[in-house]
Amino acid sequence: MQLTGNLLIGQESVFGSNGSIKAVNASTGAAIEPAFGGATLADLDRACALAWAAFDIYRETAPEARATFLETIAQNILDVGDDLIERCMIESGLPRARLEGERGRTVGQLRMFADVVRNGDFLGVRIDPAQPERKPLPRVDLRLRHIGVGPVAVFGASNFPLAFSVAGGDTASALAAGCPVIVKAHSAHPGTAELVGRAVQKAVKDCGMPEGTFSLLFDSGRDVGQGLVKDNRIKAAGFTGSRGGGTALMKLAAARPEPIPVYAEMSSINPVLLFPSALKNRAEGIAKAFVQSLVLGAGQFCTNPGLVLAVDGPDLDKFIEAASAALAETAAQTMLTPGICKTYQSAVARAAGQADVATAARGVEAKGENQGQSALFVTTAEAFRKSHELQEEIFGASSLVVRCPDLATMRELIESLEGQLTSALHIDEADHADARSFLPALERRTGRILVNGFGTGVEVGHAMVHGGPYPSTADGRSTSVGSLAINRFLRPVSYQDLPDALLPDALKTDNPLGLNRRIDGKLQLAK
Ligand code: NAP
C-alpha cells in the first residue's frame with residue numbers, strides 16, 4: 001500500500017503544510033520516505049470541530065452498530081496485510097514475530113471492546129423508581145447511565161506502535177465509550193500510523209459513522225500535541241511515554257479553563273522481590289527467567305523488571321551469578337529510536353558510575369547502529385536509599401539488584417518507592433507469611449501484584465489492571481489495558497423524572513436494549 005504522508009482529518013486526506021517529519025530506519029539510522037506533512041493549527045481546529053460535531057451522534061449509536069464499527073476497524077487492519085508489518089519493522093526495529101503478535105493483540109482488543117459494547121454493562125444502568133406514596137415525602141424517579149466524556153486525544157506510544165498507538169488500547173476504549181478520537185501520531189512510526197489510520201478512516205465510512213469520529217495528525221513540533229490537550233473540545237487524553245512528556249501534558253490539561261484528565265502512563269521500575277525460601281530453592285531458575293523478561297523487546301516495556309530486592313547472602317550470590325551468566329550471553333538489540341538508544345546508553349553509564357554500584361554483567365557488545373547492550377548492576381540498600389537516580393526508570397534492558405541486610409529493610413525500601421505498574425514476588429510456601437506482610441505496602445504502591453512471574457506479558461482481559469499510582473500513571477484509579485479501560489472515558493449522568501419518551505433507550509422502562517440493570521440497588525439480569 002502506497003504511503004501518502006497525508007493527515008487524515010475526518011474523511012479528508014491532505015498533506016500538512018506545517019513542516020514535515022520522516023521516519024528513521026531503526027536499524028540503520030537512515031531517514032526513509034515519504035515525508036509526512038505536519039498539521040497546522042487550522043488542521044487541528046478542523047479535526048476538533050469535526051470531532052465535536054460527531055460526538056452527540058456517535059455516542060448515541062446503537063450498541064450493535066458501534067460494536068460492528070470496532071470489528072470493522074479490526075478487519076481493516078488485518079486487510080492491510082504484510083505491508084503493515086514490514087513498514088512497522090523498519091520504523092521500530094522490532095522483529096516480525098513480535099509485531100505479528102502485537103497486531104493480534106490490537107485486533108483482539110478492538111473485538112473485546114466490541115463485546116463490551118454489545119453486553120452493555122459499561123453503561124452502568126441504575127434505576128431508583130419513583131415512590132409517589134413514600135412518607136413524609138414522595139421519592140422522585142432517578143435513572144443513571146454513563147455517556148462518553150467527549151472527544152479524546154490519543155498520543156501514539158513508541159514502544160507499542162500497534163497495540164498502543166493509532167488503533168490501540170486508548171483509541172479502542174475511547175471509541176467503545178462513545179468518544180470520537182483524534183490521534184497525534186508518534187514521530188517514530190508515521191508510516192505505521194498512516195496505514196492503521198486509513199484502516200480506521202475506512203471503517204468510519206464503511207459503517208456510516210459521523211465523519212469526525214476519527215482523525216490522525218502528524219506534528220512537526222510540539223504545537224499540535226499541546227494544542228490538542230488545550231483545545232476546549234477535547235475532554236480527555238491518553239498518553240504513553242516519558243515522564244517529562246506526560247507531566248508536561250498533565251500540566252497543560254490542568255491549566256485549562258476547564259481542566260481535563262490526562263491518562264498518562266510514564267515510568268515504573270517494577271520491583272521483583274525474592275523471598276528467602278524461593279531464593280534458596282530456585283535461585284538459578286528464577287535468574288534465568290528474570291533475564292528473559294529483562295531483555296524481552298530490548299527491555300522497552302513499561303513493565304520491565306528494573307529492580308530486584310532480596311536479602312543478602314550466598315543464595316542471592318547464586319542468583320546474581322546465574323543472572324550475570326545468562327545476561328552476558330544476551331545479544332544487543334535494535335532499540336525503537338536513536339534518541340531512546342542514546343538515553344538508554346547514558347542512563348546505563350550514569351548508573352555504572354554511581355558510588356557503591358557494581359556492574360555485575362553486560363550483554364554482548366553492540367555492533368550495529370542504535371543497539372542497546374543489556375546491563376545488570378548490584379548495589380547496597382544504603383546506596384539505593386540515598387540515590388534518587390537509582391530509583392528512576394532506565395528504559396531498556398537494564399536492572400539493579402539491591403542487597404538488603406534483612407526483610408525489614410526490603411519492606412522499608414518498598415515503602416520508599418514511587419508508584420509502580422507491577423511488583424513481582426518470588427515465593428515458596430515457606431515464604432507465605434513474610435509475603436503476606438508485604439502486601440499492604442505493595443497494594444498502596446502497585447497496580448498489579450504477581451507471584452512467581454514477571455510483569456512483562458500483559459494479559460488483555462477483564463480483571464487486568466495496567467495502571468498504578470503516580471508516576472507509573474497519572475491516575476492510579478484506572479487501567480489502560482483490559483475492558484475496564486473504558487471507564488476512563490465515561491461519565492455518569494442522572495435523569496430525574498424524565499418521561500419514558502425522553503429517556504435514552506438504555507433507561508427506558510421496558511428495557512429495549514436488554515441491559516442488566518440495578519433496580520433499587522439490586523442487580524436485575526436481562527432475560
Ligand atoms: P515521549 O518523548 O514522551 O513522547 C511520547 C509522545 O508525546 C510523542 O508523540 C511526543 O511527540 C509527545 N510529546 C512528548 N513530550 C511532549 C511535550 N512536552 N509536549 C507535547 N507532546 C509531547 O516518549 P518516547 O518518544 O516514546 O520515548 C522517550 C522516553 O520515554 C524513553 O527513552 C523512555 O524513557 C520513556 N518511555 C517510557 C515508556 C514507558 O512505558 N514507561 C514508554 C515509552 C517511552 P513526538 O513524537 O513529536 O516526539
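Every number for a ligand or one of its atoms is a count from 1 in the order of the listing. Because the structure is predicted, anything quoted here is derived from the model rather than measured.
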Relative to F160, does R105 satisfy both conditions: NZ or CZ under 6.0 angstrom from the six-membered ring centre, and within 45 degrees of the ring's axis?
yes

Which residue owns the protein heavy atom closest to [atom], what's the atom, and how far is it?
atom                    : answer
atom 8 (C) of ligand 1  : H186 CD2, 3.5 Å
atom 40 (O) of ligand 1 : C302 CB, 2.9 Å
atom 12 (C) of ligand 1 : F155 CD2, 4.3 Å
atom 17 (C) of ligand 1 : R222 CD, 3.4 Å
atom 15 (N) of ligand 1 : G245 CA, 3.3 Å

Report the part of [X] (side chain from C-beta onward, or backbone N, CA, C, O) that has a heavy atom under 4.0 Å from ligand 1; answer both or neither where that applies.
X    : answer
L249 : side chain
R243 : neither
Y344 : neither
S187 : both

Any atoms of ligand 1 less than 4.0 Å from a non-hydrogen atom of [X]? List them with their elements.
X    : result
E393 : 37 (C), 41 (N)
S158 : 24 (P), 26 (O), 43 (C)
Q226 : 17 (C), 18 (N), 19 (N), 20 (C)
M266 : 37 (C), 38 (C), 39 (C), 41 (N)
A248 : 18 (N)
N159 : 40 (O), 42 (C), 43 (C)

From atom 34 (O) of ligand 1, work out which of F301, F395, F160 has a heavy atom at the shortest distance.
F395

For atom 30 (O) of ligand 1, state which one of S242, G221, P471, G227 supplies the nearest heavy atom.
S242

Aromatic rings F454 and F290: how do their planes relate, parallel, tilted or perpendicular, breaks at 30° and 60°?
tilted

Check the side chains of E194 and T4 for a donor-acceptor pair under 3.5 angstrom, ignoring hydrogens and angles.
yes

Residues forming a side chain to side chain donor-acceptor pair (under 3.5 Å) with N270, sequence neighbours excluded:
S268, T422

Evaluate [X] for polar contact with ligand 1, using N/O atom pairs at a separation under 3.5 Å.
X    : answer
S267 : no
T240 : no
I340 : no

Walk me through it: do F214 and Q11 pass the test side-chain contact (heavy atoms from CB on, under 4.5 Å)?
CA-CA 9 Å; F214 173 80; Q11 286 301 309; over 6 Å; no

Can you tell me if G225 contacts ligand 1 (heavy atom of the residue under 4.0 Å from the ligand)?
no

